[in-house]
Amino acid sequence: MKMKKYGMCILGLFFSLYLFSAEWYVNPRGSNQNPGTREKPFETIEYAVQRVQADARKGKHTIWLQEGIYYVYQPVHIAETAGKSLTIRACKDGKAVIRGSLPVPFRSFDKITQESVLNRLQPQVRDRIYEISFDKLGAEHIKPLPDLYNDHGGIIELFCGERRMPLSRYPNQGYMSMKWVLINGGGQETEGGSWRDFYAEGAKETQPPRRGIFQYSDPRTAHWMEAVRNGAWLKGYWRIPWQNEAVRIEKIDTVMQAIVLSKPVAGGIGNKYTRPYGNGKEKYWLLNVPEELDMPGEWCLDFANRKLYFYPPEDVDLTEIRVSDHQTPFFLLENASGVTIRGIQMEENLGPCVEILGGNQNHIAGCVMRNVLDYCVKIDGGTDHQVLSNDMYNLGGGGVWLQGGDETSEPRVAAGHRVVNNHIYNFSQVNRIYTPAINSGYRAMNVSRPAVGMYIAHNLIHGTPHGGILFGSFDSVFEYNEIFDYCRVSDDLGAFYSYSRSEHMANLLFRYNFIHSTEEGDGIYFDYDQRDITLYGNIVYLKSRQGGRGTGFLYKIGSQAENPARLHCSNNIAIACNVGYEFYWGLPSVLENNIAIDCARKDYFYREMTPGGKTIVHSDTLQHTNITLTGDPGFADMEGLNMELKKSSVIYKKLPGFKPIPFKKIGLFRDEYRKRLPTEAEIGRFAIAPTLYEKLNSEVLDREY
């Protein structure tokens, strides 16, 4: 009897520990001397986390963030949680706001009185520009821009109200174009006079790479002599639309009408297909000089005079000026497990909102992340982390960065991270290339970056100058995503895109994705050969620009002849693309039960790669199960982008093996974190705003179509 009673006590103690929960409250108007109750909350999130970590009791701990703005300038570091689960959440979703910016009172700004500076400003705006000294500003990231950079240059951002203020530029919209390339730079000429990339693999250095020199065509350039002496930068698509560096101007020669760049650009300047002189269409713009402060909201940093100049807009509250200067994440989870960050709005940061290193089963859910420069969420290692039902928008960079798992073990080890039900839009606004909504193992220059066993589903992605989702590595699933209005500026990229050799990528499934409404972009694009790829039940409705890019499903040549790779492409629909399906493959592969509708130049184009690099060109009726149609084949509402097939669709008659696509399941859904879906007016599928900068409309001449 005593033993039974003793056992019941032990069991009761176990359940009491297991069911233990504690609640802590934080308010930016609270005090860290308080006990952390609802009535007497702590002041800082960091202190509340420290109290949880110091608490020896295991079980569930919840830190409630009361309404208010929390300025966070050092990471809230959550290390090993030692058996505790920890939730940090807003008492009311979206009402707890974390910022990494510095408030700057408008009274700290002065009218410009220095004659030499006034003379640099355009006459019509001289009385509208204000200045603040670097010392008053108190920011860290105000060091001179590097001579050459391909991101934002490591400087602050300026916000007014809820809007990112633009760095001064010329022209305000569109670009200047090079007239004539004098020296490509970045490489060297061979004995035969042909151009060789100095940075290319196997290139042998016989002389240091030269700086690029070109003739300009815009007469405004002659007004920038003083700007050059103080530091002026050009940012451009110097050779291809997927490369975008900023370079300091070394010299402007107004006699020769030439610009000398201070550093060589990798690959050199001038369109790569028309070397050495370029094609006269290479686009660039000037940034960060007082001479071009001519639009409300523009600002610039004068590194020589140590001043920030600002042309304040009239339609904002000038008490709401803030400088983003915080480069580390708001939350740093390091080998932590069971942590949930929920319902918080995070904004105005140079670094990510959340960075997760190792650990397992951490959740970022129901948050709003906006006006940040880096990726919103970065995950490196660990297992089973989840990014669920968040809104991410107005981003200088990308949305979610994924890394983890082991590619080299046998069998491979999956990380199992999930990115589900997120709305990611208006991104890559500052870093304009290769900063996608989701990066799942994409490799640049074949640098190894494992992302094994990821699940990316039900995301709504739109509004970017470049690509939607970049991918690579192994064993991942991409399904039920909607991606549209991408490649606004640059082309030769896709809603889904990868460039990787077959030994670095395999066993990926793309299923039930809806891709649409892009004049310049491709659909699902493999820019090299990859193994064991399955494309099933995807709808690609590009509405491609005549004469431009626009392939629905693109699988390019690599080492197929020597290393045949399996591709299974079936039950897909390509609509209004320039090319429906373009594949280079090695057997065994399957292309069957697909449909091409109103594709302008080619419905199906494919070549079988054979040993020796030879190809066999197949007819449009390969396996006799891929069909071509014109007009609406029986969608529920094609004009309204409801691509569910009616039971009476002609597709089922002409292609009996075609299976219904569960179109209603594609995209966002309601759950405990996302209780309301965005309206059509909020999404804007039918009112795509014109991009701030005109399309490049570049010529990619190494494509057969």
Side-chain angles (χ1 to χ4, degrees), residues 364-365 375-377 379 386-393 395 398-402 417-428 435-442 451 453-464 466-473 475-487 493-498 508-518 521-526 533-542 552-554 569 571-575 641-644 661-671 673-674 677-678 680 683-685 688:
I364 314 301
Y375 284 86
C376 293
V377 179
I379 299 175
Q386 300 195 46
V387 183
L388 306 173
S389 306
N390 303 282
D391 288 347
M392 309 176 198
Y393 61 95
L395 310 178
V400 182
W401 169 286
L402 296 175
H417 305 323
R418 297 169 62 88
V419 182
V420 178
N421 202 31
N422 300 282
H423 189 186
I424 307 174
Y425 59 104
N426 295 345
F427 55 97
S428 295
T435 51
I438 302 168
N439 188 324
S440 178
Y442 175 75
M454 307 300 175
Y455 183 71
I456 296 170
H458 293 283
N459 300 289
L460 175 58
I461 295 168
H462 57 99
T464 178
H466 211 199
I469 294 176
L470 300 185
F471 62 91
S473 199
D475 310 329
S476 294
V477 175
F478 305 83
E479 65 180 7
Y480 296 108
N481 301 286
E482 180 184 355
I483 305 175
F484 72 96
D485 187 22
Y486 59 95
C487 287
L493 211 80
F496 293 94
Y497 174 85
S498 181
L508 302 178
L509 171 61
F510 297 81
R511 178 173 57 193
Y512 303 141
N513 298 287
F514 180 35
I515 299 164
H516 64 95
S517 307
T518 172
D522 298 304
I524 303 178
Y525 183 177
F526 300 85
I533 304 299
T534 299
L535 306 171
Y536 184 85
N538 302 282
I539 302 174
V540 179
Y541 184 13
L542 295 185
F553 300 86
L554 177 56
C569 177
N571 220 80
N572 300 286
I573 305 176
I575 313 165
L641 294 175
N642 182 350
M643 313 303 284
E644 184 177 19
I661 296 172
F663 186 79
K664 289 182 179 179
K665 293 183 179 180
I666 296 173
L668 302 175
F669 58 86
R670 292 183 181 88
D671 62 6
Y673 310 114
R674 182 181 298 284
L677 297 179
E680 180 51 55
I683 296 172
R685 291 184 184 90
I688 296 175

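The shown structure was predicted, so the numbers you read here are calculated from the model rather than taken from an experiment. In what follows, every heavy atom counts, from backbone to side chain, and hydrogens, waters and symmetry copies are set aside.
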Atom pair CD1 (I438) and CD1 (I469), whose distance is rounded to the nearest 0.5 Å: 4.0 Å
Donor on one side chain, acceptor on other, H462 and E482, under 3.5 Å: no
Worked verdict on M392 versus N459 for side chain to side chain contact (heavy atoms under 4.5 Å, CB included): CA-CA 11 Å; M392 309 176 198; N459 300 289; over 6 Å; no
Which atom of S498 lies closest to which atom of G472, heavy atoms considered: OG-CA, 4.1 Å
Over all atoms of both residues, closest heavy-atom pair of N572 and L535: ND2-O, 3.0 Å
Closest contact, heavy atoms only, V387 versus V377: CG2-CG1, 4.0 Å
Considering all heavy atoms, the nearest S476-G453 contact: OG-N, 3.7 Å
Closest heavy-atom pair and its distance - P436, L470: CG-CG, 3.6 Å
Min side-chain heavy-atom separation F496-I515 under 4.5 Å: yes
Aromatic centroids of Y425 and F484 separated by under 6.0 Å: no
Nearest-0.5 Å distance, CG of residue L508 to CD1 of residue I533: 4.0 Å
Can you list, pair by pair, the side-chain donor-acceptor contacts under 3.5 Å of residues 662-670, counting residues two or more places apart and other chains?
none

Approximate separation, where rounding is to 0.5 Å, of F526 CZ and L554 CG: 9.5 Å
Gap between atom CG of L493 and atom CG of D522 - 0.5 Å precision: 8.0 Å
Audit row: M643, I573, side chain to side chain contact (heavy atoms under 4.5 Å, CB included) steps and yes/no: CA-CA 10 Å; M643 313 303 284; I573 305 176; over 6 Å; no
Trace of the side chain to side chain contact (heavy atoms under 4.5 Å, CB included) decision for L395 with T435: CA-CA 10 Å; L395 310 178; T435 51; over 6 Å; no
Near-ring test F510/F553, centroid separation under 6.0 angstrom: no
Pairing residues for N513 by the side-chain hydrogen bond (donor to acceptor under 3.5 Å, both in side chains) criterion, not counting sequence neighbours: N481, N538
Euclidean distance, R674 CZ relative to L388 CG, rounded to 0.5 Å: 10.5 Å
Distance-minimising heavy-atom pair for Y673 and S389: CB-CB, 3.6 Å
Contacts of type salt bridge (charged side-chain N to carboxylate O under 4.0 Å, His left out), residue R511, not counting sequence neighbours: E479
Spatial distance of atom CG (D485) from atom CD1 (I461) [nearest 0.5 Å]: 12.5 Å
Residues V400, N422; criterion side chain to side chain contact (heavy atoms under 4.5 Å, CB included); working and verdict: CA-CA 10 Å; V400 182; N422 300 282; 5.6 Å; no
Aromatic ring proximity, centroids under 6.0 angstrom, Y486 and Y497: no
Parallel, tilted or perpendicular: ring planes of H458 versus Y480, cut at 30 and 60 degrees: parallel
